[in-house]
Undergrad: 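Below are the structure tokens for one structure; questions will follow.
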Amino acid sequence: MAKVGRELEGVAFGLINELLGLVRDDTGVARPNRFEVVVNPPTSSSGTRNPSSYDNLSATLLGDLVKDGTLRSVAIKCTSIALPAKTLQVSQDTNIYGPVREVVNGLEFGDITANFTMLRSDMKEKKYFEAWQGLTFNPASWSVGYYDDYVGSVDIYQLDEQNRRKYGIKLIEAFPKVIGEMGLDMGTNNSVSTLPITFSYRYWEPLEGQSQIPNRILEGVFDLIGNTVERKLLSKIPKVLRRL
């Protein structure tokens, strides 16, 4: 009879007390309803780099919706989304004896779908995604826009019980590939419409778990201090020298 290895003689690690201890620490358990989504529109949404998009009004509309607070409203109204998968593309290495070995030859990132609740009858959130999608082509000439003009990013955070960001990912070079259909039904009186958006992206990368709000505040303070000092210094320089 074969001798039993030491791996079968140890004490199990999955004891109930240890499991409870992991749950009771300051991070808590990961709950699917504790999340935050930040949708970042294209940074070069003017479309002026594409000569055929001078008359594309989507860039102007998107800029207006970003300024009037619709961008923040879009993030708050996201009711469901998924942390996307990362799939290794493999092939079989048959140039060996014995069992077949699989080797990695690439990565694959699939699209994800987010659902947004439409709390406003004016459909501003839907108009936001339509304007973003409108950067991909010129409705006047049907010419396709430049890739860099319509890709943005999407940040997805896992939150703890105190609404602190503990884990996050960023969808790189993302854009709304599909603006899904919204069902209309005369038989529903108390329902709220939901808009599904499918995002296409190139890949995703992990983000730091801590909130970036304090850093943004500090950066703004330093910018304010720097601008104030600069104005004071310039005020002491003669106007003739400032033109040099």
Undergrad: Give the minimum heavy-atom separation between Met182 and Ser193, together with the two atoms involved.
TA: CE-CB, 3.3 Å
Undergrad: Are the side chains of Thr136 and Tyr147 in touch, meaning some heavy atoms are under 4.5 Å apart?
TA: no
Undergrad: What orientation do Trp132 and Tyr128 show, parallel under 30°, tilted 30 to 60°, or perpendicular over 60°?
TA: perpendicular
Undergrad: Could you grab the distance from atom CZ of Arg31 to atom CG of Leu159, nearest 0.5 Å is fine?
TA: 12.5 Å
Undergrad: Once you round to the nearest 0.5 Å, how far does CG of Leu57 lie from CG of Asp64?
TA: 10.5 Å
Undergrad: So, do Leu65 and Lys127 sit near enough that their side-chain heavy atoms are less than 4.5 Å apart?
TA: yes
Undergrad: Any chance you could measure Leu88, atom CG, to Leu107, atom CG, to the nearest 0.5 Å?
TA: 6.0 Å
Undergrad: Any idea which heavy atoms bring Thr79 and Phe116 closest together, and the distance?
TA: OG1-N, 4.4 Å
Undergrad: Of all heavy-atom pairs between Ala75 and Val38, which one has the smallest distance, and what is that distance?
TA: CB-CA, 4.5 Å
Undergrad: When rounded to the nearest 0.5 angstrom, what is the spacing between CG in Leu135 and OG in Ser58?
TA: 6.0 Å
Undergrad: Any side-chain heavy atom of Ile156 within less than 4.5 Å of one from Ile112?
TA: yes
Undergrad: Once rounded to the nearest 0.5 Å, what's the spacing between atom CD of Gln133 and atom CD of Glu130?
TA: 8.0 Å
Undergrad: Taking side chain as C-beta onward, heavy atoms only, is Val39 less than 4.5 Å from Val74?
TA: yes
Undergrad: One pair to check against side chain to side chain donor-acceptor pair (under 3.5 Å): Thr70 and Glu125. What are the steps and the verdict?
TA: CA-CA 7 Å; Thr70 302; Glu125 293 77 14; over 6 Å; no
Undergrad: Write down the atom of Gln158, the atom of Arg34, and the distance for their closest heavy-atom approach.
TA: NE2-O, 3.0 Å
Undergrad: Should Asp149 and Pro42 count as side-chain neighbours, where that means a heavy-atom distance under 4.5 Å?
TA: no
Undergrad: Would you check if there is a donor-acceptor pair between the side chains of Asn115 and Ser80 at a distance under 3.5 Å?
TA: yes
Undergrad: Determine whether a donor-acceptor pair (N or O, by modelled atom type, separation under 3.5 Å) exists between the side chain of Trp204 and the backbone of Ala85.
TA: yes
Undergrad: Between Glu108 and Lys86 (salt bridge meaning N to carboxylate O under 4.0 Å), is one present in this structure?
TA: no
Undergrad: Can you check whether Cys78 reaches Ile81 side chain to side chain, under 4.5 Å on heavy atoms?
TA: yes
Undergrad: Taking the basic N atoms (NZ, or NE/NH1/NH2) and the acidic carboxylate oxygens, is any pair closer than 4.0 Å for Asp68 and Lys124?
TA: yes
Undergrad: So do Leu195 and Ile179 actually touch side chain to side chain, heavy atoms under 4.5 Å?
TA: yes
Undergrad: Val154, Val178: one ILVMFWY side-chain cluster at the under-4.5 Å cut-off?
TA: no
Undergrad: Restricting to non-hydrogen atoms, name the atom on Val192 and the atom on Thr117 that form the minimum distance, rounded to 0.1 Å.
TA: CG1-CG2, 3.2 Å
Undergrad: Any side-chain heavy-atom pair from Pro84 and Ile169 closer than 4.5 angstrom?
TA: yes
Undergrad: Does atom CD of Gln89 have more than 12 heavy-atom neighbours, drawn from other residues, nucleotides or ligands, at distances under 6.0 Å?
TA: yes
Undergrad: Could you tell me the separation between the CG atom of Leu171 and the OH atom of Tyr201, rounded to the nearest 0.5 Å?
TA: 6.0 Å
Undergrad: With a 3.5 Å distance limit and no angle check, can you tell me whether Ser191 reaches the backbone of Thr188 through a side-chain donor-acceptor pair?
TA: no
Undergrad: For the pair Asp155 and Asn40, evaluate side chain to side chain contact (heavy atoms under 4.5 Å, CB included) and give the outcome as yes or no after the intermediate values.
TA: CA-CA 8 Å; Asp155 301 337; Asn40 304 301; 3.3 Å; yes
Undergrad: Report the residue from Phe175, Tyr146, Trp142 that forms a ring pair (Phe, Tyr, Trp, His ring centres under 6.0 Å) with Phe137.
TA: Trp142
Undergrad: What's the verdict on side chain to side chain contact (heavy atoms under 4.5 Å, CB included) for Phe199 and Phe129, showing C-alpha distance, side-chain angles and the deciding distance?
TA: CA-CA 11 Å; Phe199 290 97; Phe129 288 111; 3.8 Å; yes
Undergrad: Would you call Asp111-Lys177 a salt bridge at under 4.0 Å N-O?
TA: yes
Undergrad: We want to know whether Glu173 and Tyr203 form a side-chain donor-acceptor pair, criterion being a heavy-atom distance below 3.5 angstrom.
TA: no
Undergrad: Looking only at heavy atoms, what is the nearest atom pair of Ala174 and Ser153, with distance?
TA: CB-CA, 4.2 Å
